[in-house]
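Worksheet: one structure, shown below.
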Amino acid sequence: MDLNSTLPRRVVVTGAASGIGRAVAEGALASGGRVLAIDLHPDAAWDAPGLVQRAADVSDEARITEVFSQAPALLGGAPDAVVHCAGVYRWKALAETSAEEWDLSMRVNGRGSFLVSREASRIIDEGAIVLLSSVAYGRGDETEPGSAYAASKGAIVSLAQQLAAELGGRGIRVNAVAPGMIDTPMLTLGNTPRAVEALTAHLPARRLGTVDDVAAACLFLASGSAAYITGTTVHVDGGYLAS
């Protein structure tokens, strides 16, 4: 089966101005799809056939509701897929984490995933929702602790499972992707080459992941090739959780 022939034609991508979200959006555009790219700070210099950008904070209920209500008109029809990549990464030891920092992770990662999923469910006739979790939900890490981040990403796994059951009867599939150590500006480990070497030496894949690795998984789950996959979490982690 040719994966490109099953990729969604009309896609909403959050966090689309950079990193994983940008790679997902570019992958959808490269296959001939139309993309509504949502980001807190859209890239004013980014232009491509089929691309429409809108600014939004994913935790802002009124704004997300407004932008999603416009999506069918902007895309020329109801979206086939929504890939939610927007999020924040904060890490501190538990004793040093303030309630405000906890609330930030829960607001952007947790509330944002809920709002995007809810609005997606209101405009998708049949298709897929893909949420971004993290391997942090499945394994603690003493060297880079982040209780708020890990908990917020665990909530996304549970949300995907619940929504798969709740929305399946309407032909909407819901899955999560859990990246491991991905080479993006959010990876603080990347600032210390020795730490990267130590980590990758114990990874079965023997390297950091790339945004394209994660985008490929997101686009697969959004495609017709994944028509019988729902309620699951795909780990794109080079074997991190298995090692």
Quiz item: Heavy-atom distance under 4.5 Å between the side chains of Arg34 and Pro49, does that happen here?
Solution: no
Quiz item: Going by distance alone, is a donor N or O of one side chain under 3.5 Å from an acceptor N or O of the other, for Gln161 and Ser158?
Solution: no
Quiz item: Checking salt bridge (charged side-chain N to carboxylate O under 4.0 Å, His left out) for the pair Arg207/Asp213: CA distance, chi angles, key distance, verdict?
Solution: CA-CA 12 Å; Arg207 66 173 176 86; Asp213 291 326; 2.9 Å; yes
Practice problem: Tell me, please, which residues at least two apart from Asp39 pass salt bridge (Lys or Arg N to Asp or Glu O under 4.0 Å). | Solution: none
Self-check item: Considering all heavy atoms, the nearest Ser225-Thr6 contact
Solution: OG-OG1, 2.9 Å
Self-check item: Nearest heavy atoms of Val135 and Ala178, plus distance in Å
Solution: CG1-O, 3.8 Å
Exercise. State, yes or no, whether a side-chain contact exists between Glu101 and Ser147 at a heavy-atom distance under 4.5 Å.
Key: no
Quiz item: If Ile, Leu, Val, Met, Phe, Trp and Tyr residues are connected whenever their side-chain heavy atoms lie under 4.5 Å apart, and connections chain through other members, are Leu74 and Ile123 in the same group?
Solution: yes
Practice problem: May I have the step-by-step check of side chain to side chain contact (heavy atoms under 4.5 Å, CB included) for Tyr89 and Tyr149, ending in yes or no? | Solution: CA-CA 6 Å; Tyr89 178 58; Tyr149 179 76; 3.4 Å; yes
Quiz item: For Ile229, what residues pass the side chain to side chain contact (heavy atoms under 4.5 Å, CB included) criterion, not counting sequence neighbours?
Solution: Asn175, Phe220, Leu221, Ala226, Thr232
Practice problem: Any pair with a residue in residues 223-243 that passes ring pair (Phe, Tyr, Trp, His ring centres under 6.0 Å), sequence neighbours left out, goes on the list, sorted by first then second residue, please. | Solution: Tyr137-His235
Self-check item: Val88 reachable from Val116 in the ILVMFWY side-chain graph, under 4.5 Å edges
Solution: yes
Quiz prompt | Any residue meeting salt bridge (Lys or Arg N to Asp or Glu O under 4.0 Å) with Arg122, in chain and number order, not counting sequence neighbours | solution = Glu119
Exercise. Take Leu132 and Val214 through the side chain to side chain contact (heavy atoms under 4.5 Å, CB included) test and state the conclusion after the steps.
Key: CA-CA 10 Å; Leu132 263 288; Val214 184; 4.2 Å; yes
Quiz item: When rounded to the nearest 0.5 angstrom, what distance separates OG1 in Thr65 from CD in Gln70?
Solution: 11.0 Å
Quiz prompt | Qualifying residue, where the test is side-chain contact (heavy atoms from CB on, under 4.5 Å) with Ser133 and the options are Val234, Val157, Val177 | solution = Val157
Exercise. Would you list the pairs meeting salt bridge (charged side-chain N to carboxylate O under 4.0 Å, His left out) in which at least one residue belongs to residues 146-164, sequence neighbours left out?
Key: none
Quiz item: With sequence neighbours excluded, what pairs up with Arg111 under the side chain to side chain contact (heavy atoms under 4.5 Å, CB included) test?
Solution: Ser59, Glu61, Arg107, Leu115
Quiz item: Can you name the residues that form a salt bridge (Lys or Arg N to Asp or Glu O under 4.0 Å) with Arg10, not counting sequence neighbours?
Solution: Asp80
Self-check item: From Thr200 atom OG1 to Glu197 atom CD, the distance as rounded to the nearest 0.5 Å
Solution: 7.0 Å
Exercise. Check whether any side-chain heavy atom of Leu159 sits under 4.5 Å from a side-chain heavy atom of Ser117, and report yes or no.
Key: yes
Self-check item: Exercise: do Thr14 and His84 side chains pair donor with acceptor under 3.5 Å
Solution: yes
Self-check item: Pairwise side-chain contact, Glu26 with Val35, heavy-atom cut-off 4.5 Å (strictly under)
Solution: no
Quiz item: Nearest 0.5 Å, what's the CG-CZ distance between Asp237 and Arg139?
Solution: 9.0 Å
Practice problem: Kindly write out the residues that satisfy side chain to side chain contact (heavy atoms under 4.5 Å, CB included) with Ser121, not counting sequence neighbours, or none if the list is empty. | Solution: Leu167, Arg170
Self-check item: side chain to side chain contact (heavy atoms under 4.5 Å, CB included) involving Ala56 - partner list, sequence neighbours excluded
Solution: Ile38, Arg63, Ile64, Val67
Quiz item: With sequence neighbours excluded, what pairs up with Arg90 under the salt bridge (Lys or Arg N to Asp or Glu O under 4.0 Å) test?
Solution: none
Self-check item: Side chain proximity check, Leu208 to Ile182, heavy atoms < 4.5 angstrom
Solution: no
Quiz item: Can any side-chain N or O of Gln53 pair as donor or acceptor with the backbone N or O of Ala44 at less than 3.5 Å?
Solution: no
Practice problem: Walk me through it: do Val52 and Leu75 pass the test side chain to side chain contact (heavy atoms under 4.5 Å, CB included)? | Solution: CA-CA 8 Å; Val52 181; Leu75 294 172; 5.8 Å; no
Self-check item: Derivation of the side chain to side chain contact (heavy atoms under 4.5 Å, CB included) call for Arg173 and Val130
Solution: CA-CA 8 Å; Arg173 297 179 297 104; Val130 181; over 6 Å; no
Quiz item: For the residue pair Ala16 and Ala25, what are the closest heavy atoms and their distance?
Solution: CB-CB, 4.5 Å
Quiz prompt | Any side-chain heavy-atom pair of Val11 and Val82 under 4.5 Å | solution = no
Self-check item: Nearest-0.5 Å distance, OG1 of residue Thr184 to CZ of residue Arg22
Solution: 14.5 Å
Exercise. Would you indicate whether the side-chain heavy atoms of Leu36 and Val13 approach each other to under 4.5 Å?
Key: no
Exercise. Heavy atoms only: give me the nearest Ile20-Cys85 pair and the separation to one decimal.
Key: CG2-SG, 4.1 Å
Exercise. Would you give the length of the straight line joining atom SG of Cys218 to atom CG of Leu131, rounded to the nearest 0.5 angstrom?
Key: 9.5 Å
Quiz item: Val24, Leu40: one ILVMFWY side-chain cluster at the under-4.5 Å cut-off?
Solution: no
Quiz prompt | Heavy-atom pair of closest approach, residues Pro204 and Gly238 | solution = CD-O, 3.3 Å
Exercise. For residues 24-75, pull every pair meeting ring pair (Phe, Tyr, Trp, His ring centres under 6.0 Å), keeping only residues two or more places apart or in separate chains.
Key: none
Quiz item: Measuring from Ser31:OG to Leu219:CG, what's the distance to the nearest 0.5 Å?
Solution: 7.5 Å
Self-check item: Closest non-hydrogen atom pair between Gly87 and Asn109, with its separation
Solution: CA-OD1, 3.2 Å
Quiz prompt | 4.5 Å side-chain heavy-atom contact, Leu163 and Ile129 | solution = no
Self-check item: All pairs passing ring pair (Phe, Tyr, Trp, His ring centres under 6.0 Å) where residues 98-120 contributes a residue, at least two apart
Solution: none
